[in-house]
Amino acid sequence: MLAIRLVGGPERPDALALPIRPAGVAEDGAARAVLLPGLPALADDVLAEAAALVPAARATGRAGEAHVHLRPGRVPARLLLVGAGDGDEAGWRAAGAALARAASGETHLTIMMPVDAEPDAVRGLVEGLLLASYRFRLTEAGEAPALSGVDVAVGDPAAYADAVERAEVTARMTRLARDLTNTPSSVKNPQWFAEQVEAAAAGRPGLRLRVRQPDELAAEGFGGILAVGGGSASGPRLVELDWHPADARTHVVLVGKGITFDTGGISIKPVPAMKLMRKDMAGAAAVVAATLGAAALRLPVRITTLTPLAENAVSGSAFRPGDVITHYGGVTSETTNSDAEGRLVLADALAYAVAELKPDLLIDLATLTGANMVALGKRTGALYSDNDDLAADVLAAIDAAGESAWRMPLPADYVEYLGSDVADLYSAPNQGGGSVLAALYLREFTGDLRQRWLHVDMSAPSWADGDAAELTRGATGWGVRGLLRWLATLG
């Protein structure tokens, strides 16, 4: 991860980035931009040259725009103009992401910030730098970016230390979630994931970890997790990670779907749909990373994270369409589609949380349905809750963090589709909207927490097909940033 340093002025100005903003429209109709005022000490000749370069480069100042200007034999040797848009946190996040790519060939970069910049601006800039510079490789093939350090020049470095710490923790945990999700399933199975959580939590005061093995899951009645994991040689697990600070006033349970590979089981997926199913544990990665981030920031909220882990495989011991599964607590499900497995493991975890943990709030994240993308496209999660205030608070945090979600309905007339002739519930009806029905099914396991429960189907935004702003191709770590923002409001 890039080393970020707050400084009072340019100390290594070989490559210098200056922010610009939109400034209306010229007489010829072209968009205009200007340098942001109030930059820390800067040589007059450099400032004049940069000001002249802005119109020559036809810069617009839009967030994420970048122009590189070479100055051979002079200092700085390269000037980078970067658009900050309206100057809000999102604009600075886009600026940081653009600089991470435009300056990837540099070894060091200095970024000049206005002396009156808000802490959120610096936070956005640093998050953009750290997230857009993420790179996941299992081989040494290809050249890694040369950029290893960035100085952020501000009027008073001490005033921005907290903003940079929050940005660095958020980015580090988002990168962890990306690493976990990007890892191929030839390496990643339930035991491996549990070991990664154990390693990440080791030595962090206030964290407690329990990992249930298959025999413990059987003894305690976690029938959904056992059914989904029964077809694989890699047995299922249930990870329970608890952050319990002494000053916590609110207890939140986070649940994340952790299918380390999804073949679809007996209802096997076609090859194109199966190829990226190593990402089917992105919800588990997000809630674990958010909990570790809360511990690193010492947020005053108790968080218990549950990640039901299984590999949905095809074998003689795999569960079958038409099987009746008994979940934790005794509720039964009839399943006619073994590719609708995520809701079965989540049901166990939700029922356990309600019966044994009794939290104030219950949140689950899951790469649950392809219908999420059909309804909302590639960037937006589908959010469900019967609690208007909870939904509004979480949506606001997701938006502030630079992620995207949209609240979806929980229509009463769909509930009848969950009725089964042989069990309490039918897990995967063919009628109605797929993402909506999956949410309604999960709601049946929330008991007296129904009005304090929220579910996000984040299958689509968990993966990016290409680089875009702070996202890089592959796993996005979606949910970590939004959860951390929301958890920080509960103290």
If I take atom [atom1] from residue [X] and atom [atom2] from residue [Y], how far apart are they, to the nearest 0.5 angstrom?
X      : Y      : atom1 : atom2 : answer
Asp348 : Ile225 : CG    : CD1   : 4.5 Å
Leu309 : Lys188 : CG    : NZ    : 11.0 Å
Phe261 : Ser186 : CZ    : OG    : 10.0 Å
Arg379 : Met373 : CZ    : CE    : 13.0 Å
Leu276 : Asp280 : CG    : CG    : 11.0 Å

Test: salt bridge (Lys or Arg N to Asp or Glu O under 4.0 Å). Region: [range]. Which pairs qualify, not counting sequence neighbours?
range            : value
residues 291-306 : Asp242-Arg302
residues 176-185 : none
residues 218-236 : Arg210-Glu220, Arg212-Glu220
residues 158-173 : Asp162-Arg166

Side-chain donor or acceptor of [X] paired with backbone N/O of [Y] under 3.5 Å:
X      : Y      : result
Thr304 : Val253 : no
Asn337 : Ala428 : no
Ser185 : Thr260 : yes
Lys279 : Thr181 : no
Thr476 : Pro461 : yes
Tyr160 : Ala121 : no
Lys257 : Ala284 : no
Asn189 : Ser234 : no

*So His327 and Thr332, side chain to side chain contact (heavy atoms under 4.5 Å, CB included) or not? Walk me through it.*
CA-CA 6 Å; His327 294 281; Thr332 57; 6.0 Å; no
Worksheet entry | Residues Asp393, Thr489; criterion side chain to side chain contact (heavy atoms under 4.5 Å, CB included); working and verdict | CA-CA 9 Å; Asp393 289 346; Thr489 69; 5.9 Å; no
Asp364: what forms a salt bridge (Lys or Arg N to Asp or Glu O under 4.0 Å) with it, not counting sequence neighbours?
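Asp364: no salt bridge (Lys or Arg N to Asp or Glu O under 4.0 Å) contacts found.
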Residues 429-437, side-chain donor-acceptor partners within the protein, below 3.5 Å, at least two apart:
| residue | atom | partner | partner atom | Å |
| --- | --- | --- | --- | --- |
| Ser435 | OG | Tyr384 | OH | 2.8 |
| Ser435 | OG | Asp457 | OD2 | 2.9 |

Heavy atoms from other residues, nucleotides or ligands near CZ of Arg473 exceed 12 (cutoff 6.0 Å):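 Atom CZ in Arg473 is not packed in, count stays at 12 or less.
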Check your understanding: Has Met274 got more than 12 heavy atoms of other residues, nucleotides or ligands less than 6.0 Å from its CE?
Key ->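 Yes, the 6.0 Å shell around CE holds more than 12 heavy atoms from other groups.
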Quick test of your reading of the model: are Asp262 and Lys269 salt-bridged, counting only N-O distances below 4.0 Å?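 Yes, charged N to carboxylate O under 4.0 Å.
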Exercise for the section: Could you tell me whether Arg320 and Asp323 have a side-chain N and a carboxylate O separated by less than 4.0 Å? Expected result: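 Looking at Asp323 together with Arg320, the answer is yes, because their closest N to O distance falls below 4.0 Å.
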- request: Output, in order, the C-alpha distance, side-chain angles, deciding distance and verdict of side chain to side chain contact (heavy atoms under 4.5 Å, CB included) for Leu362 and Val255.
  value: CA-CA 8 Å; Leu362 179 61; Val255 180; 4.2 Å; yes
Test [X] against every option in [options] by the side chain to side chain contact (heavy atoms under 4.5 Å, CB included) rule and name the one that passes.
X      : options                        : result
Val228 : Glu341, Glu311, Arg343         : Glu341
Thr307 : Val287, Leu254, Thr291, Leu241 : Val287
Met408 : Leu376, Leu383, Asn372         : Leu376

Note, [X] side chain near [Y] side chain (heavy atom, < 4.5 Å):
X      : Y      : value
Pro236 : Pro308 : no
Val354 : Phe445 : no
Met281 : Leu180 : yes

Exactly one candidate in Thr336, Thr335, Asp421 meets side-chain hydrogen bond (donor to acceptor under 3.5 Å, both in side chains) with Tyr426; the answer is Thr336
To check you understand the geometry: which heavy-atom pair defines the closest contact between Leu6 and Pro157, and what is its length?
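Closest approach of Leu6 to Pro157: CD1-O, 3.3 Å.
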Closest non-hydrogen atoms of Val211 and Glu216, given as atom of the first, atom of the second and distance, are O-OE1, 3.6 Å
Quiz prompt | Pair Thr380-Ser404, side-chain hydrogen bond (donor to acceptor under 3.5 Å, both in side chains): steps then yes or no | solution = CA-CA 5 Å; Thr380 304; Ser404 175; 2.9 Å; yes
task: Could you tell me which residues satisfy side chain to side chain contact (heavy atoms under 4.5 Å, CB included) with Arg443, sequence neighbours excluded, listed by chain and number?
output: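 For Arg443 the side chain to side chain contact (heavy atoms under 4.5 Å, CB included) partners, ignoring immediate neighbours, are Asp386, Leu410, Val415, Leu440, Thr446, Arg450, Trp453.
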Side-chain polar contacts of residues 395-403 - donor-acceptor pairs under 3.5 angstrom, sequence neighbours left out - could you list them?
| residue | atom | partner | partner atom | Å |
| --- | --- | --- | --- | --- |
| Glu403 | OE1 | Gly479 | N | 3.3 |
| Glu403 | OE1 | Gly482 | N | 3.0 |
| Glu403 | OE2 | Gly479 | N | 2.8 |

Residues passing the side-chain hydrogen bond (donor to acceptor under 3.5 Å, both in side chains) test with Ser315, sequence neighbours excluded, are Ser317
For Tyr417, the ring pair (Phe, Tyr, Trp, His ring centres under 6.0 Å) test, sequence neighbours excluded, returns Tyr414
ring-ring contact (aromatic ring centres under 6.0 Å, His included) partners of residues 219-252, not counting sequence neighbours, each pair once =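 Qualifying pairs: Phe222-Tyr328, Phe222-Tyr352.
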Q: Apply side-chain hydrogen bond (donor to acceptor under 3.5 Å, both in side chains) to Ser267 and Ser338, showing your working.
A: CA-CA 5 Å; Ser267 309; Ser338 67; 3.3 Å; yes
(request) Mind running side-chain hydrogen bond (donor to acceptor under 3.5 Å, both in side chains) on Ser385 and His455 for me, showing each step along the way? (result) CA-CA 7 Å; Ser385 181; His455 158 67; over 6 Å; no
For a quick test of your reading: what N or O donor-acceptor pairs under 3.5 Å do the side chains of residues 193-202 make, sequence neighbours left out?
| residue | atom | partner | partner atom | Å |
| --- | --- | --- | --- | --- |
| Glu195 | OE2 | Gln191 | NE2 | 3.0 |
| Gln196 | NE2 | Trp192 | O | 3.4 |

Practice problem: Apply side chain to side chain contact (heavy atoms under 4.5 Å, CB included) to Arg101 and Asp467, showing your working. | Solution: CA-CA 10 Å; Arg101 295 191 174 95; Asp467 295 347; 3.5 Å; yes
